Amino acid sequence: MTETRLRFPPSPTGYLHIGGARTALYNWLYAKKTGGKLILRIEDTDTERSTAESIDGILDGLKWLGIDWDEGPYFQTQFSADHIAAAERLISQGNAYKCFCTKEELDAKREAALASKGNLGYDGTCRNLTQALIREKEAAGIPFVVRFKVPERQGKLGYDDKVLGRIECDYREVDDFVIVRSNGLPLYLLCNVVDDIRDRITHIIRGQDHMTNTTRQVLLYEALGSPVPVFAHMPLTLDTKKAKISKRSHGEIVAVHFYREHGFIPWAFNNFLVLLGWSPGDDREFFSREELIEAFTLERINKSSSIFNFRKDDPKFFTDPKAIAINEHYLRTMAIDEIGEMVRQELETDGLWDDDYAGERKDWYLKTLDLIRDRFHTLKDFTTLGRAYFAEDYQIDDKPLQKNVLKFPGLQQWLPVLADRYEQLAEFTAEEAERLARELAEEVDVKPGVIINGMRTVITGQLAGPSMFDVLMTIGRDRVVQRLRETGRLF
RNA sequence: GUCCUCAUCGUCUAGUCAGGUCCAGGACACCGGCCUUUCACGCCGGCAACACCGGUUCAAAUCCGGUUGGGGACGCCA
């Protein structure tokens, strides 16, 4: 069996979005699973819209996700000669012809067809021009495009899709499509096939929005005398209103970089993406890289499209709750030193990193992360909700401030008293700290919770958190004492 | 409009190819309870779906037909 060769061919017209990332992921998984190769090819033939920034963005996105490739990136524009040669070959073989219809004529016809509810395809005006007429028009300098001449055959045109099964349509349903622009530059349908043939691509995994392209490209493979690769059309990802997600209409929320910037763990995001249109067939939802490669098959890709259930302006979920839940799972279960590396990036970005965290305080650093990670959702939470562990400029949230502090004015006196007692303690342990806190509560005749939760808010700024006395040990006596003494500033 | 295609809880899905073990399982979300010094931690429980109509069959979420609904494509974009 020959090696499987897959490709991810993004067009550099914007950032990498979740649809593209998912396509890349599926191709990558299948390449890994079959011991094949993944080729990265930048399809930049739309020179009007392609940008260098987009290329960088796409590469960065893939790298962040951990999707690596074996060849490339190749740039489609560097193979123009191949594309042009193929077009010429198709013309000389009689598989393509020059079309002198103007854009205006075509637009008018399309509009008329739309109005009369007719078919929108090309009507074949230039399909059978005589050689003489063609030479005459060329001599007159009339611009032309090259169209593929769809064979007039009975029966069905189609292909076998790994996901969808047999896909067919009538030959008469496909109109003569343009393969070369009037400026001489070949178009996607052709370039894509020529490149896939040259790159010896064996499997094409792409979105269902390409299904009609595939039908036409099958004709191109045939005319070019190459075998048709295996096709697998994956379901599309729709928005909550069931429209195809796009950079244009959804913006940042569908951009891969948005998730990086919101503290997602790269693999967690892959894990979320792969489940949008694929399942292992059992109840597993979390996979290591190796497990996923092992479990992944083309046959288990779903047929029906899925909805990316992001919530705009939802105070609780900034994106699909399932994505967040998966991220939380990894946040809680990954090896703590791996989490440590990722949190380090966050701390550095915020100017909170201390080199000792990698040196003599490494133990403290990792223990602290381990203590607080259970209640966090993203890597960003370590520098926001968990800021009090690493800095003095943490915010006191309003809700706990009202509920746990301002409601009990006595805390202005009580907590500084507790600070004194903590300071004088022979040994600052969780047990001792708790004993003194409860003792104080009894003295001033309030429930222990008043003292404990008041402390929580003063010391961490938060309403919730780990066991308070563990927090105290983590923050350390000096900082605890200091923060408790300053309770008055909150009133 | 034409063609292609899809159809199970709010969302992601298992089950459909090989009909009975499915008055449909899991996860997320939601609701309730427990734990507790707190909680968006944890634990336990609950709510919630086979789009519709016919047909085949002893038996249909599963097979067949139709209807409806959704999506995609119909570019000198990729």
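What's counted below: heavy atoms across the whole structure, side chains too, no hydrogens, waters or symmetry copies. Worth saying up front: this structure is predicted, and the values here are computed from it rather than measured. So you know, we letter chains A, B, ... as the sequences are listed, proteins then strands, and number each from 1.
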C1' spacing across the pair B/rG20 / B/rA60, given as an integer number of angstrom: 9 Å

Quantified in whole Å, what is the C1' atom distance between nucleotide B/rU56 and nucleotide B/rG66? 15 Å

Could you tell me which nucleotide pairs with [N] by Watson-Crick or G-U wobble geometry, both distances under 3.5 Å, or answer none if nothing does?
N      : value
B/rA59 : none
B/rG65 : B/rC53
B/rU37 : none
B/rC23 : none

A/Phe231: which residues meet the ring pair (Phe, Tyr, Trp, His ring centres under 6.0 Å) condition with it, sequence neighbours left out? A/Tyr159, A/His233

Indicate yes or no: does [X] engage [Y] in a salt bridge with an N to O separation below 4.0 Å.
X        : Y        : result
A/Glu443 : A/Arg421 : yes
A/Glu442 : A/Arg435 : no
A/Asp82  : A/Arg198 : yes
A/Asp176 : A/Lys149 : no
A/Lys109 : A/Glu111 : no

Taking side-chain hydrogen bond (donor to acceptor under 3.5 Å, both in side chains) as the definition, give me every residue that meets it alongside [X], ordered by chain and number, with sequence neighbours left out.
X        : result
A/Arg477 : none
A/Arg479 : none
A/Asp209 : A/Lys244

Any chance you could list the contact pattern along nucleotides 70-78 of chain B? Use B for base contacts, S for sugar-phosphate-only contacts and - for none, protein heavy atoms under 4.0 Å, 5' to 3'. SSSSBSBBB

I need a per-nucleotide contact map over nucleotides 36-48 of chain B, read 5' to 3'. Cutoff is protein heavy atoms under 4.0 Å; write B for the base, S for backbone only, - otherwise. -BBBBSS------

By nearest atom, which of the nucleotides [options] is closest to the [X] side chain?
X        : options                : result
A/Asn302 : B/rA27, B/rA14, B/rA29 : B/rA14
A/Asp283 : B/rG25, B/rA7, B/rC28  : B/rG25
A/Ser306 : B/rU13, B/rC3, B/rA27  : B/rU13
A/Phe317 : B/rU5, B/rA29, B/rA7   : B/rA29

Whole-Å gap separating [atom2] ([N]) and [atom1] ([X]):
X        : N      : atom1 : atom2 : value
A/Lys322 : B/rC9  : NZ    : P     : 15 Å
A/Arg166 : B/rC6  : CZ    : P     : 14 Å
A/Ile326 : B/rC28 : CD1   : P     : 10 Å
A/Arg311 : B/rA29 : CZ    : P     : 10 Å

With a sphere of 6.0 Å drawn around CZ of A/Arg248, does it hold more than 12 non-hydrogen atoms of other residues, nucleotides or ligands? no

Given B/rA14, is OP1 or OP2 found less than 4.0 Å from the side-chain N or O atoms of A/Arg300? yes

Which residue lies more 5' along RNA chain B, comparing A/Leu276 with A/Ser304 via nearest heavy atoms: A/Ser304

Is it the case that the base of B/rA7 and the side chain of A/Lys303 share a donor-acceptor contact (distance under 3.5 Å, atom types as modelled)? no

Heavy atoms under 4.0 Å, any strand shown: does A/Gly207 hit a base, just sugar-phosphate, or nothing? nothing

